[in-house]
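Worksheet: the structure to be examined is printed underneath.
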Amino acid sequence: MLLLLLLLPPLLLLLLLLLLPPLALLRQPQDASLSWLAGLQHCMAGGALSWAAAWQQRRLEQSTLHAGQSQQQALTWCLREAQRPLGPLQGTTGRVYDVFGATDTSTFRNHLPLIKASQAQEEESGGQLLPPTSTQCYGEASLQATLLGLAALSKAFPEVLTPGGIACVTPTSPWPRALPWPWRILDKVVSTPGAKHPGALLLEALRSPGLRALEAGTATELLDVFSGLEANGEELAEAMAAGNPGSPLPSRAAELREALDLGPRGLALRLWPKLQVVVTLDAGGQTEAVAALEALWCHGLAFFSPAYAASGGVVGLNLWPEQAHGRYLLPPGAPFIELLPVKEGAQEEAASTVLLAEAQKGEEYELVLTNHAGLARCRLGDVVQVVGAYNQCPVVRFVRRLGQALNVRGEDIQEDVFAEALGRAVGQWPGAKLLDHSCVESSILDSSQGSAPHYEVFVALRGLRNLSEENRDKLDHCLQEVSPHYKSLRFRGSVGPARVHLVGRGAFRELRAALAACPSSRFPPEMPRVLRHRHLAEGLQRRVLS
């Protein structure tokens, strides 16, 4: 009886919410007059969000307090849900479940081998071991990430979820999952976009000066939006000025022109003075885009990623919007997560995975994911470092991707090491801001021409239109500083100096479009820092300015 009394108010709240007409007023500009019914509906939506988030928080607390038991339950669910084994595991899944029943985690790990699934392998084979998802993820973790992320965002920035406070400027949403019935009305608060052109979404956002939060699928997509805004600003201003007579849009067009005339730094806050936070979904290769946005267009704004997602589902939950850099709790539910220790110089064959409760603070691990679709113990290639704990589960930060290393003579320069060297070099180029980069080993482009193998580096910059030879040489010097092995190879002449090329505006946007067109394209979209295919590298080569 007591439980019924506790559940009755939320149930009545949701029932009333469903009876209200689905008014599309939650995303109208804040200066629009809301009817009492729309205002009531907004309050009800907020109440439903709070109730659902509190319920998910209790579930998270319980599961993380008993991480081992929760992971066992997640594994059992994956085994039961696996209908048709895929790829090299054909027939294996049935044997595991039939012989061992509700298999324990030790038996499962001993019976099934680890399988690599790098992005380069997926592009080359045209398929994936983990099936691709759509622009939304599925499973308990994805719903949990959306509900808890929204609640955390609302707590950190209380006015963000006011009517008309959020606009998404990309066709994809940063929220891992659209909210299901009976909270479907909250989609309007989340501002989940439909299949709309980015230009139309940006125009809608520009018409709403009272925005408190700006959403984009990923940081690289948002970088493309702001680059397009600068390139097509006059067209957008004319589109707004052509509004109905007497509307505020012509004056808004003048504000857009004035904001653009003052340059990129702080542009977002000039366009939307009440803006507080930018919401994007974390994925590989986004660090440079976030840094460029923070330094220029979105200067002065907080950034928040509600989750870390991979092609197999949501891997990590972000419960800390106030943190400057993403920290993610690895939940113990489905998909089933293992951690493979990353030891420099260690043999891969000798390594064995650990479960979440066994992770050690300060150590680096490669993520291993198992979901019910293929039941493959799939090595994602994503390396994380444990920075804390939440009950019995680790809290991690993303470090690098193993498939993005440069290796022409066994030097094995990892993604984060190269990024550090490039950052140092760009810091020595007067006035330059790095927007994007990608590397190619010279053998891919056949550019050695009898010389030693080397790196071809393509960069997109802001504030610098030409690269001198002195500036180009600085990258090679910085690479030698961060990698003693590379320095030794350069001294012996086994590796030639890195060659740096400045590409024109839109070159990396075209690269991402080419990647998205691949049959094996992943969601969330990752930005490759090392290209393995000649046609992709040649696309950047054709856009070289200097």
Side-chain angles (χ1 to χ4, degrees), residues 118-128 132 218 220-221 223-224 227-228 231 283-286 288-289 292 381 401-409 411-415 418-419 421-422 425-426 432 434-462 464-469 471-473 475-476 479 495-522 525-546:
S118 67
Q119 185 175 13
Q121 290 171 328
E122 290 169 3
E123 291 174 3
E124 192 168 343
S125 66
Q128 296 176 327
T218 61
T220 51
E221 292 177 79
L223 191 65
D224 290 340
S227 297
Q286 305 295 318
E288 287 177 1
R401 296 167 294 172
L402 294 178
Q404 299 292 291
L406 289 161
N407 195 357
V408 296
R409 288 288 190 195
E411 69 280 11
D412 194 31
I413 295 184
Q414 297 290 334
E415 178 182 24
F418 185 88
L422 182 58
V426 174
L434 181 65
L435 302 183
D436 238 329
H437 91 272
S438 226
C439 306
V440 184
E441 295 171 0
S442 57
S443 59
I444 302 294
L445 287 172
D446 297 328
S447 58
S448 293
Q449 298 177 349
S451 61
H454 58 273
Y455 310 149
E456 301 281 349
V457 184
F458 299 90
V459 297
L461 300 174
R462 183 86 190 200
L464 196 62
R465 297 184 178 181
N466 191 25
L467 280 174
S468 66
E469 288 303 318
N471 284 340
R472 296 175 201 270
D473 291 340
L475 174 59
D476 196 74
L479 280 170
V495 172
R499 300 178 183 177
V500 186
H501 310 282
L502 177 62
V503 299
R505 175 182 288 180
F508 283 94
R509 183 170 62 249
E510 293 174 5
L511 172 62
R512 285 189 281 275
L515 288 166
C518 293
S520 59
S521 60
R522 297 172 58 178
E526 296 185 350
M527 181 59 206
R529 297 305 176 195
V530 178
L531 299 179
R532 307 294 184 188
H533 297 277
R534 183 173 183 142
H535 72 281
L536 296 175
E538 288 177 338
L540 287 178
Q541 199 172 39
R542 287 191 293 268
R543 299 297 305 274
V544 169
L545 299 177
S546 168

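For the numbers below, each heavy atom of this structure counts, side chains included, while hydrogens, waters and symmetry mates do not.
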What is the distance from atom CG of Leu422 to atom CG of Leu475, rounded to the nearest 0.5 Å?
6.0 Å
Inter-residue atom distance Asp224.CG - Arg512.CZ, 0.5 Å rounding:
4.0 Å
Measure the CG-SG distance between Leu540 and Cys439 for me, rounded to the nearest 0.5 Å.
10.5 Å
Closest non-hydrogen atom pair between Pro453 and Ser442, with its separation
CA-OG, 3.4 Å
Of the non-hydrogen atoms in Ala283 and Glu526, which two are nearest, and what is the gap between them?
CB-CG, 4.4 Å
Show your reasoning for whether side-chain contact (heavy atoms from CB on, under 4.5 Å) applies to Leu435 and Glu288.
CA-CA 6 Å; Leu435 302 183; Glu288 287 177 1; over 6 Å; no
If you compare all heavy atoms of Ala421 against all heavy atoms of Leu479, which two are closest, and at what distance to 0.1 Å?
CB-CD2, 3.7 Å
Taking side chain to side chain contact (heavy atoms under 4.5 Å, CB included) as the criterion, tell me which of Leu511, Ile444, Val440 meets it with Leu536.
Leu511
Looking at Arg409, is its backbone amide N or carbonyl O close enough to the side chain of Glu411 to form a donor-acceptor pair, meaning the two atoms are under 3.5 Å apart?
yes
Which pair of heavy atoms, one from Arg532 and one from Gly403, lies closest together, and at what distance?
NH2-O, 3.3 Å
Does the Gln404 side chain pair with the main chain of Val530, one donor and one acceptor, at a distance under 3.5 Å?
yes
Ser546 versus Arg472, side-chain donor and acceptor atoms under 3.5 Å
yes
Excluding sequence neighbours, so at least two apart, what forms side-chain contact (heavy atoms from CB on, under 4.5 Å) with Ala419?
none
Within the structure provided, determine whether Leu461 and Leu464 are in side-chain contact (heavy-atom separation under 4.5 Å).
yes
Measuring from atom CG of Leu223 to atom CD of Gln286, what distance do you get when rounded to the nearest 0.5 angstrom?
9.5 Å
Check: Pro528 main-chain N/O paired with Ser438 side-chain donor or acceptor under 3.5 Å
yes
side-chain contact (heavy atoms from CB on, under 4.5 Å) evaluation trace for Arg462 with Leu434:
CA-CA 6 Å; Arg462 183 86 190 200; Leu434 181 65; over 6 Å; no
Nearest-0.5 Å distance that lies between atom CZ in Phe508 and atom CE in Met527:
5.5 Å
Hey, does Gln414 have a side-chain heavy atom less than 4.5 Å from the side chain of Arg401?
no
When you check the gap from the basic side-chain N to the acidic O, do Asp436 and Arg509 get nearer than 4.0 Å?
no
Nearest heavy-atom contact between Glu538 and Leu445 is CG-CD2, 3.9 Å
For a quick test of your reading: what N or O donor-acceptor pairs under 3.5 Å do the side chains of residues 497-507 make, sequence neighbours left out?
unit_1, atom_1, unit_2, atom_2, d
Arg499, NE, His454, NE2, 3.4
Arg499, NH1, Ser447, O, 3.3
His501, NE2, Glu456, OE1, 2.5

Value rounded to 0.5 Å, distance of CG in Leu406 from CG in Asp412
9.0 Å
